[in-house]
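Heads up, the thing below is written out as structure tokens.
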Amino acid sequence: MSSTLIKCFNLAKTVGNVTVKGFLATPKQPWQACSAVALQTPHVQMQMHTSPVRRDLMEFFDEKKNWSENEVKVGRAWRTEELRIKSNKELHQLWFILLKERNMLMTMEHECNDKMEVFPNPERIDKVKISMENLETVVRERNKAYHLLETGETGERPQKAVKNAFGLQVNYKSCEHALPPFMNLKWIKSRHIGFGGRAVNRFLLKYREKLYNAKRKAKNRSRNEVMMILRRNPNFDLVALRRQFPDVNVDKLLTDDKARGHYVPKVGV
């Protein structure tokens with residue numbers, strides 16, 4: 001190898017070392033400094049909680065002081081008029097509180113059933129469910145008002161009255177499908193829209209007869225109740241009686257012998 005070639009190799013090596021040292025000595029860019037700080041600082045776990053965090057599985061269970069109690073004092077469910085004055089942020093926080101409470105109560109109920117113990121105050125689950133239903137009602141009212149103000153529509157899924165496989169009228173909520181209805185045989189079989197057959201017609205006949213009998217018996221009960229009131233109190237307020245029993249012909253019952261009481265009228269001397 002010639003001396004000229006050796007000098008070229010040595011010069012290239014020197015230039016490379018200088019370039020690498022200069023790059024390392026240059027100040028870091030802002031994004032590099034942030035990356036270095038992020039790597040040096042410990043990882044912080046961010047969680048959204050509206051109640052004190054225990055960070056263990058005991059959050060699915062009730063407090064230990066209530067484990068041996070036969071009765072746990074709780075309040076009532078949230079009402080819709082109380083939820084209407086809450087902001088959207090407060091409703092969002094309350095929803096997660098109720099969801100967490102429902103999970104805890106269902107876990108405790110399952111645990112008590114496994115250990116053959118009495119679950120104290122099982123109505124707590126019903127109160128939580130009622131509160132969640134009322135909260136959904138309030139949120140739906142706000143969504144309707146917003147969509148009606150912005151677009152003139154409710155914004156909810158359109159629905160229509162259809163008859164199911166038993167011939168009973170139900171509300172069907174429409175949804176989007178890739179195929180039209182006449183081609184989507186799987187949807188037609190799963191929904192069972194439409195009815196027919198001799199058995200269904202007999203069922204509808206008996207079902208309508210049952211509804212008619214229930215309506216007739218309720219009307220007769222109201223009529224007999226008005227009749228007994230008129231027999232015991234001939235001077236009863238007829239306006240209040242008509243308001244309380246709008247389906248009963250009070251004027252016709254006044255002329256009926258069964259509505260007259262067994263008393264001797266006073267004859268003026």
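In this text the structure is predicted, and so the values were computed from the model without any measurement.
Smallest separation of non-hydrogen atoms from A77 and I130: CB-CG2, 4.0 Å. The nearest pair of heavy atoms linking L238 to L230 is CD2-CD2, 4.2 Å.
Looking at N233, its side chain never comes within 3.5 Å of a backbone N or O of N235 through a donor-acceptor pair. At distances below 3.5 Å, not a single donor-acceptor pair connects side-chain atoms of N184 with backbone N or O atoms of P180. Side-chain atoms of T151 do not come within 3.5 Å of backbone N or O of L148 as any donor-acceptor pair. The backbone N or O of E133 sits nowhere less than 3.5 Å from a side-chain atom of E136 that would complete a donor-acceptor pair.
Heavy-atom contacts from other residues, nucleotides or ligands closer than 6.0 Å to CD of E153 number 12 or fewer. Shown here is H147, whose NE2 atom has more than 12 heavy atoms of other residues, nucleotides or ligands within 6.0 Å. Counted within 6.0 Å of OH on Y146, heavy atoms from surrounding residues, nucleotides or ligands total 12 or fewer; the atom is thus considered open. Within a 6.0 Å radius of CZ in R124, other residues, nucleotides and ligands contribute more than 12 heavy atoms. Counting heavy-atom neighbours within 6.0 Å of E209 CD, excluding the residue itself, gives a total of 12 or less. Open room surrounds CZ on R198; 12 or fewer heavy atoms of other groups in view lie less than 6.0 Å from it. Within 6.0 Å of the CZ atom in R216, the count of heavy atoms belonging to other residues, nucleotides or ligands exceeds 12.
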Q) Do R231 and D256 pass the salt bridge (Lys or Arg N to Asp or Glu O under 4.0 Å) test, and can you show the C-alpha distance, the side-chain angles, and the key distance before you say yes or no? A) CA-CA 11 Å; R231 288 185 63 179; D256 196 345; over 6 Å; no
Q. Please walk me through it: do H110 and D114 pass side-chain hydrogen bond (donor to acceptor under 3.5 Å, both in side chains)?
A. CA-CA 6 Å; H110 188 271; D114 287 347; 3.3 Å; yes
Q: Please assess E111 against K115 for the test salt bridge (Lys or Arg N to Asp or Glu O under 4.0 Å), listing each intermediate value before the final yes or no.
A: CA-CA 6 Å; E111 184 71 13; K115 293 186 176 181; 3.5 Å; yes
Q: Would you sort out whether E109 and I125 count as a side-chain contact (heavy atoms from CB on, under 4.5 Å), showing the intermediate values?
A: CA-CA 9 Å; E109 184 182 24; I125 300 178; 3.2 Å; yes
(Q) Please determine whether side-chain contact (heavy atoms from CB on, under 4.5 Å) holds for the pair K163 and L168, giving the CA-CA distance in whole Å, both sets of side-chain angles, and the decisive distance to 0.1 Å. (A) CA-CA 5 Å; K163 293 185 177 180; L168 304 178; over 6 Å; no
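Considering D237, D247, D251 as possible partners of R242, the one that fulfils the salt bridge (charged side-chain N to carboxylate O under 4.0 Å, His left out) test is D251.
Cluster membership for L91 and L99, using ILVMFWY side-chain heavy atoms within less than 4.5 angstrom, is shared.
Side-chain contact check for L105 versus F119: some heavy-atom pair is nearer than 4.5 Å. Looking at K86 and W78, their side chains come closer than 4.5 Å, going by heavy atoms from C-beta outward.
For the atom pair NZ of K206 and CG of N201, the computed distance is 12.5 Å after rounding to the nearest 0.5 Å. Summarising the geometry, atom NZ belonging to K144 is positioned 4.0 Å from atom CD belonging to E156; distances are rounded to the nearest 0.5 Å.
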